[in-house]
Engineer: 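Sending over a structure as structure tokens; questions will come in a sec.
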Amino acid sequence: MTAARLTGRPWHDVDGPSLVASAAALQLIPQNIPRLVRLQRLASIGACLPSRPDAPRLSPSKLRALLKDPLVSGSQIRAQEDLYDDLYTAEVSFHGGPCLVAQGLTSRCAHTLDLMLRSILGPDGQAVLPTQFVKETQLWAHTALRLSDAMLRRAGLHRGVAPPQRHGDEVFVPGEKTLTALREAVRYRFTDLSHLLPASSVDLLAGWGIRPGEHMLTTGPGPDDGLVVKPLLLMEDGLIVANPAELVTALRHELIVQAGLHECRPQLARLLRDQTMRDTGRLLTLCGAVPTGPAQQTGDDLITRRTFTFAEDKILDLAVVMDDLSDYDDTNPAGHWPIRDLGLRVQNVIDPVGPPLPEDARTLRLIINEGVGRSSFLGLADQRRPGPVVVTSLSDLQVMAELDGSHPLFLWRFAQAETELHETTHVQSWSALDNYGLYRNCEYSYYVSDDTRPTMLLVEQDHSRALRVEVQQRYDRHDVPSPHRPVYVPVVSVYGTSTAPIYRPLPDVPEVGRLVEVPDVNVWLGAGDHEVADGLKDFHHLTVEAAAFWTWQISTARPELLPLAASTGELYVSLSFDDPSAWQAALDGNPGTESARPWVGVRGAEPGLVDLRLYAEGLASLLADANGADRIVLRALLEGITQTAGLVDEDLDALVDQLAPEGPKQMLHVELNPRLPLRPGPLPTARLVQPAASAMVLDELGRYLDSAGTPVGTIPSEKRTQVLQKVVGHYFTLIEDMVAGLAAEGLVESLISRHEALLYDEAFNDQILPSRIACFGEASQPAENLVRTTKRQVEAAQASRFLIEYVAAQPPSGDSSPPWTRTTTSWRCLQNSSLVPLSRKPFTTTSQRLNLPCWPPVDSVSPAATNTNQAPTPLLQPEQRHSCLQHRLVIPAGDPSPKGPLHR
């Protein structure tokens, strides 16, 4: 449809460029994210219309009227507006720093582009691909990403913008002032472009746009691909970004088109698959998996394979499948990959025909199906071998891992639940992450209701959206300039974005320390150029953590101080030991000579650097009552920052009293003669009852009751005791069988040691909860996490005590050693399920499990722990307690904040 078809009302007196700018501006309002299909249709209509300088001004009211036209908001078009299941904005790493992009209507397009750029511009890509293609990729990426970043920041957007949870049916049109500002955000005059981009980029953009009135409108109900292939409207004095939400998709499509022109699509597809395999392997390694060898190309050239071990006795068989870019349509950025029998080809590799092997039952088959924006179909036939199977994408797997990857069996148990569900239920879902969201919402199971197990299950997209938003709010992973190298490094939030802007580098990069992000300044804290001895690293980590917290507190009370002390937007706070040997002796229980000197002081200060020194002779001040040690750290920070900023008349004592009044507000926890549970010494990692394991135990119970002839429905009160006796007997038999096969030697000692680890963590959390509330607030994420964890520790301790008493009374006579990752959790789940109190709440049985009253009562711990619908946040416990000034000074290990694999 051309402009000739749009000559009637209401389009006859509309200026095309003004309509395009208005439609593009509305795409930059988060409230309109669910209405992108309509807005892109409106922009397409505007691109069909000619320039009419004398047309009436396009006011907000006029714009609202145009949006109601059936050509824009007809029922067929509205039907295309699916639930938006991703974050609207993200950052893509590139030379010179990450760039802000909008993800538009193409799922995970920022992830796909990032994967493509790293594949092309990385060492392997530069070695394999044509040099001219690599150079053109650099220019195209620089042009599109810088343009996107500048436009979105003009509009006031930032990374991690989520779609609205509630929205109306109509597009939101703001008032004249806001609308005008957003229109300007998408307009670039040649003078603007000359400051933003090199001349070669400006020339490149000319081929990426159309003139007013030249666009051919697609009459179908879906998005207009023509405005994705050419997302710019070219004007006499510059350009308008006509389709800002699709710049990333346009760039991805352009790179594939250019690869076709350079005849290197097969090489690019292989590089993409190799990069996906590396990224997946890195993610699995962060979750505790151990590769057994390098990745191997299979007999099928579409599939790369690699195996791992995990959770002591499990095998993970990974297969990566990648779009091979064959038959790519250069005119359609959202086409279809016409590959036949893809599922069969994958299954022949990872689940081949033949007799099952002994290891099959303990093998998880993970299939990563990665695409480049085209649709495809991968369906598996009935399994040929035992063992669970999961099919997902790398992006979805990363979300699952960031949420629950601290538990080594998280993926195994999800795969088991998935496999079991598909045996009896036909499942329709948009992605594996949607399934995982439902599974998580149902307390890590597919027990969706008390009714009979469904024969068909439709999973909505809002499950995956909620998980992506949760990951963003909890971790906010992004790249920042390294304080030591000319590179950007990935960091993640320590306490959650709603609590404090304190970040830590990922564990697989050389940088260590903490980053405090405040407006206009990045403040890094660490050891600087000083080496930290192994025996001092834990104590140094805790000191840096405390200093980062107080740096953030300074920024909230005196926001002008840090920018004054910074150099080119960067400030580094170095914390180093004055005498490592003396500190090591003190931490080993031999403090030596002590003085009245503060344990932290300023050694030097210059623009961009505050150098703090930790003095061993000031150990007495470290042991000060309440938050005395923290007040000294805060005072030293203020002295160094004000010296660097050139401020001499500051009342630092008053500021210390304001930010850290004497009392429980403290980050450092040191004490003399600690309570027995907090005595230092080596202990294993504490194991808590895992919800997924509890769900499996309850599902097994449902099968047992069904086989025992227990009728489905409410259990009459007079039969409760009988059913409970049957349940307890069943669980007790399972525990007897499990324990009997174990070797007795060292078993009780191991159980006691793990029980002591639970007591240690429980006592530690009880001790620091008041300070966490004082530091972050009662409703903060750190405080709420501690309360939830305390509830789980109570459950685990009850089960642990029972197991110790049982094993002591009934020593086993087997010869197998327990794989602690799985066994202790299974025991505790079985034991917890056998501790069922009689209650007035009705008992019911279904074809799936037995529903019992909650125990312990959720209000027995704290009102903050009553949200039973929220899955517990995983904690990655410290591997060993620190022995510091034995029997005198205890410095608890680690940070009680929630942790996933990114924090290992």
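Side chains are part of it too, since the values below use all heavy atoms of this structure and drop only hydrogens, waters and symmetry mates. Starting from 1, each residue takes its place in the sequence as its number.
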Engineer: Could you measure the distance from the CG atom of Leu614 to the NE2 atom of His530? Nearest 0.5 Å is fine.
Structural biologist: 10.0 Å

Engineer: Distance from Trp524 atom CH2 to Glu517 atom CD, nearest 0.5 Å?
Structural biologist: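 Those atoms lie 9.0 Å apart.
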
Engineer: Report yes if some heavy atom in the side chain of Arg282 is under 4.5 Å from a heavy atom in the side chain of Leu506; otherwise report no.
Structural biologist: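 The answer is yes; the side chains approach within 4.5 Å.
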
Engineer: So, do Glu650 and Leu638 sit near enough that their side-chain heavy atoms are less than 4.5 Å apart?
Structural biologist: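 The answer is no, as the side chains (C-beta and beyond) never meet within the 4.5 Å cut-off.
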
Engineer: Starting from the C-alpha separation in whole Å, work towards a yes-or-no answer on side chain to side chain contact (heavy atoms under 4.5 Å, CB included) for Tyr503 and Asp476.
Structural biologist: CA-CA 9 Å; Tyr503 295 82; Asp476 186 28; 2.7 Å; yes

Engineer: Side chains of Gln398 and Glu402: is there a donor and an acceptor less than 3.5 Å apart?
Structural biologist: yes

Engineer: Of all the heavy-atom pairs spanning Arg754 and Pro684, show the shortest one and how long it is.
Structural biologist: CG-CG, 3.8 Å

Engineer: Would you find a donor on one side and an acceptor on the other, under 3.5 Å apart, between the side chain of Tyr572 and the backbone of Gly528?
Structural biologist: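 At least one qualifying donor-acceptor pair exists.
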
Engineer: Against Glu639, only a single residue in Thr644, Leu612, Val602 fulfils side chain to side chain contact (heavy atoms under 4.5 Å, CB included); can you say which?
Structural biologist: Val602

Engineer: To check you understand the geometry: which heavy-atom pair defines the closest contact between Gly160 and Leu87, and what is its length?
Structural biologist: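 Scanning both residues completely, I find the closest heavy atoms to be O-CD2, 3.9 Å.
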
Engineer: Between Gln584 and Gly535, which heavy-atom pair has the shortest distance, and what is it?
Structural biologist: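 For Gln584 and Gly535, the tightest heavy-atom pair comes out as OE1-CA, 3.3 Å.
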
Engineer: Which of parallel (below 30°), tilted (30 to 60°) and perpendicular (above 60°) describes Trp583 and Trp599?
Structural biologist: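 If you compare the ring of Trp583 with that of Trp599, the planes turn out perpendicular.
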
Engineer: If only atom types and distance count, is the side chain of Tyr488 paired as donor or acceptor with the main-chain N or O of Gly96 below 3.5 Å?
Structural biologist: yes

Engineer: Is a side-chain N or O of Arg504 found less than 3.5 angstrom from the main chain of Val492, in a donor-acceptor match?
Structural biologist: no

Engineer: Hydrogens and angles aside, do Glu511 and Ser482 bring a side-chain donor and acceptor to less than 3.5 Å of each other?
Structural biologist: yes

Engineer: Checking Lys665 side chain against Leu659 main chain: does a donor-acceptor pair fall under 3.5 Å?
Structural biologist: yes

Engineer: Thr642 versus Val648: any side-chain heavy-atom pair under 4.5 Å?
Structural biologist: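 Result no, sub-4.5 Å side-chain heavy-atom pair not found.
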
Engineer: Do the non-hydrogen side-chain atoms of Phe549 and Asp630 ever get within less than 4.5 Å of each other?
Structural biologist: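 Sidechains of Asp630 and Phe549: no contact.
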
Engineer: If we ignore hydrogens and angles and just use 3.5 Å, is the side chain of Ser753 paired with the main-chain N or O of Glu749 as donor and acceptor?
Structural biologist: no

Engineer: At what distance, to the nearest 0.5 angstrom, does CD of Gln690 lie from CG of Leu409?
Structural biologist: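 So the CD of Gln690 and the CG of Leu409 are separated by 8.5 Å.
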
Engineer: Hey, what do you get for CG (Leu525) to CG (Leu571), rounding to the nearest 0.5 Å?
Structural biologist: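 If we round to the nearest 0.5 Å, Leu525:CG and Leu571:CG are 8.0 Å apart.
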
Engineer: For the pair Phe764 and His669, name the ring-plane relationship: parallel under 30°, tilted 30 to 60°, perpendicular over 60°.
Structural biologist: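 Ring orientation of Phe764 relative to His669: perpendicular.
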
Engineer: Quick check: do Ile554 and Leu634 have side-chain heavy atoms less than 4.5 Å from each other?
Structural biologist: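 Sidechains of Leu634 and Ile554: in contact.
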
Engineer: Using side-chain heavy atoms (C-beta onward) and a distance below 4.5 Å, is Val491 in contact with His478?
Structural biologist: yes

Engineer: Do the side-chain N and O atoms of Asp479 and Ser93 include a donor-acceptor pair separated by under 3.5 angstrom?
Structural biologist: yes

Engineer: Is there a donor-acceptor contact under 3.5 Å from the side chain of Gln473 to the main chain of Val471?
Structural biologist: no

Engineer: Quick one: does any side-chain atom of Asp114 pair with a main-chain N or O of Val92 as donor and acceptor, under 3.5 Å?
Structural biologist: no

Engineer: For side chain to side chain contact (heavy atoms under 4.5 Å, CB included), just list the numbers for Leu121 and Phe94, CA-CA rounded to whole Å, side-chain angles, deciding distance to a tenth of an Å, and then say yes or no.
Structural biologist: CA-CA 10 Å; Leu121 303 178; Phe94 193 65; 3.7 Å; yes

Engineer: Determine the minimum heavy-atom distance between Pro563 and Val521, stating which atoms define it.
Structural biologist: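 Result for this residue pair: CA-CG2, 3.5 Å.
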
Engineer: Does the side chain of Phe308 come within less than 4.5 Å of Val290's, by heavy atoms?
Structural biologist: no

Engineer: State whether the number of non-hydrogen atoms from other residues, nucleotides or ligands found under 6.0 Å of Glu560 atom CD is greater than 12.
Structural biologist: yes

Engineer: Ignoring hydrogens, what is the shortest heavy-atom contact between Ala660 and Asn627? Give both atom names and the distance.
Structural biologist: O-ND2, 3.7 Å

Engineer: Kindly check if the number of other-residue, nucleotide or ligand heavy atoms within 6.0 Å of CZ (Arg153) is above 12?
Structural biologist: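 Correct, the count exceeds 12.
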
Engineer: Hey, mind stepping through Ser595 and Glu617 against side chain to side chain donor-acceptor pair (under 3.5 Å) and telling me if it holds?
Structural biologist: CA-CA 6 Å; Ser595 71; Glu617 62 183 281; 2.9 Å; yes

Engineer: Salt bridge or not between Asp578 and Arg613? Use side-chain N to carboxylate O under 4.0 Å.
Structural biologist: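 Answer for the salt bridge query: no.
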
Engineer: If you apply the rule side chain to side chain contact (heavy atoms under 4.5 Å, CB included), what do you find for Ser780 with Arg772, and how did you get there?
Structural biologist: CA-CA 9 Å; Ser780 65; Arg772 282 296 186 260; over 6 Å; no

Engineer: Measure the acute angle between the ring planes of His540 and Phe577, then classify it against the limits of 30° and 60° as parallel, tilted or perpendicular.
Structural biologist: tilted

Engineer: Would you compute the distance between atom CZ of Arg118 and atom CG of Asp279 and round it to the nearest 0.5 angstrom?
Structural biologist: 4.0 Å

Engineer: To the nearest 0.5 Å, tell me how far Cys287 SG sits from Leu316 CG.
Structural biologist: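 Spacing of SG (Cys287) from CG (Leu316) equals 10.0 Å.
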
Engineer: Can you name the nearest heavy-atom pair linking Ser555 to Leu562, along with the distance?
Structural biologist: CB-CD1, 3.6 Å

Engineer: Is any side-chain heavy atom of Glu91 closer than 4.5 Å to one of Asp149?
Structural biologist: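 SC-SC contact between Asp149 and Glu91 ruled out.
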
Engineer: Do Leu467 and Glu470 pass the side chain to side chain contact (heavy atoms under 4.5 Å, CB included) test, and can you show the C-alpha distance, the side-chain angles, and the key distance before you say yes or no?
Structural biologist: CA-CA 5 Å; Leu467 296 188; Glu470 182 180 347; 4.1 Å; yes

